[in-house]
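Right, one structure below, let's go through it.
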Amino acid sequence: MAGPENQELAAWLDSQEMKPSELAEELNDALELLTGRPGKLTERTVFRWLSGENRWPQTKCRVVLEQVTGRSITELGFVRPQRRTAGPAPQEANVKCCKRS
């Protein structure tokens, strides 16, 4: 389920007159410098960020997003997922078993 659109990232792209495919290319170059391997981000990845479908990129992507844009990940409109806390275990029904003779 998609969240709200990422307007901050969209505004940054507009301010840089950059297309999502161009951002993906720049991020892939930065990933290669960071890891020694070419990045595999695509235009579709950036569209998922823009649509809110993916609201918190993987760690390496967050690092290069900050490097490439010069902004923090939260300034770019990304939202850390809230940790789910485990509630009490569901109550089990009392079930009596009996042997059949």
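- Glu25 is linked by a side-chain contact (heavy atoms from CB on, under 4.5 Å) to nothing, counting only residues two or more places apart in sequence or in another chain.
- The side-chain heavy atoms of Glu66 and Ser72, taken from C-beta on, include a pair separated by under 4.5 Å.
- Screening residues 24-45 for ring-ring contact (aromatic ring centres under 6.0 Å, His included) gives no qualifying pairs among residues at least two apart or on separate chains.
- When the salt bridge (charged side-chain N to carboxylate O under 4.0 Å, His left out) test is applied to Arg48, the partners found at least two apart in sequence or on another chain are Glu53.
- Applying the salt bridge (charged side-chain N to carboxylate O under 4.0 Å, His left out) test to pairs two or more places apart or on separate chains, none has a residue in residues 72-83.
- Residues passing the side chain to side chain donor-acceptor pair (under 3.5 Å) test with Thr69, sequence neighbours excluded: none.
- Side-chain atoms of Asn28 come within 3.5 Å of backbone N or O of Lys40 as a donor-acceptor pair.
- Side-chain contacts under 4.5 Å among hydrophobic residues (ILVMFWY), followed directly or transitively, place Trp12 together with Leu9, Leu13, Met18, Leu23, Leu27, Leu31, Leu34, Leu41, Val46, Phe47, Trp49, Leu50, Trp56, Val63, Val64, Leu65, Val68, Ile73, Leu76, Phe78.
- Here Gln7 pairs with nothing under the side-chain contact (heavy atoms from CB on, under 4.5 Å) rule; sequence neighbours left out.
- In this structure, the side chain to side chain donor-acceptor pair (under 3.5 Å) partners of Thr59, at least two apart in sequence or on a different chain, are Arg62.
- The side chain to side chain donor-acceptor pair (under 3.5 Å) check on Ser21 picks up nothing, with sequence neighbours excluded.
- Side-chain contact between Pro4 and Arg55 is present, with heavy atoms from C-beta onward closer than 4.5 Å.
- In this structure, Arg71 has no salt bridge (charged side-chain N to carboxylate O under 4.0 Å, His left out) partners at least two apart in sequence or on a different chain.
- Judged as a side-chain contact (heavy atoms from CB on, under 4.5 Å), and not counting sequence neighbours, the contacts of Thr35 are Arg37, Lys60.
- Residues satisfying the side-chain contact (heavy atoms from CB on, under 4.5 Å) test with Glu8, not counting sequence neighbours, are Asn6.
- Other residues, nucleotides and ligands contribute only 12 or fewer heavy atoms inside 6.0 Å of the CD atom of Glu5.
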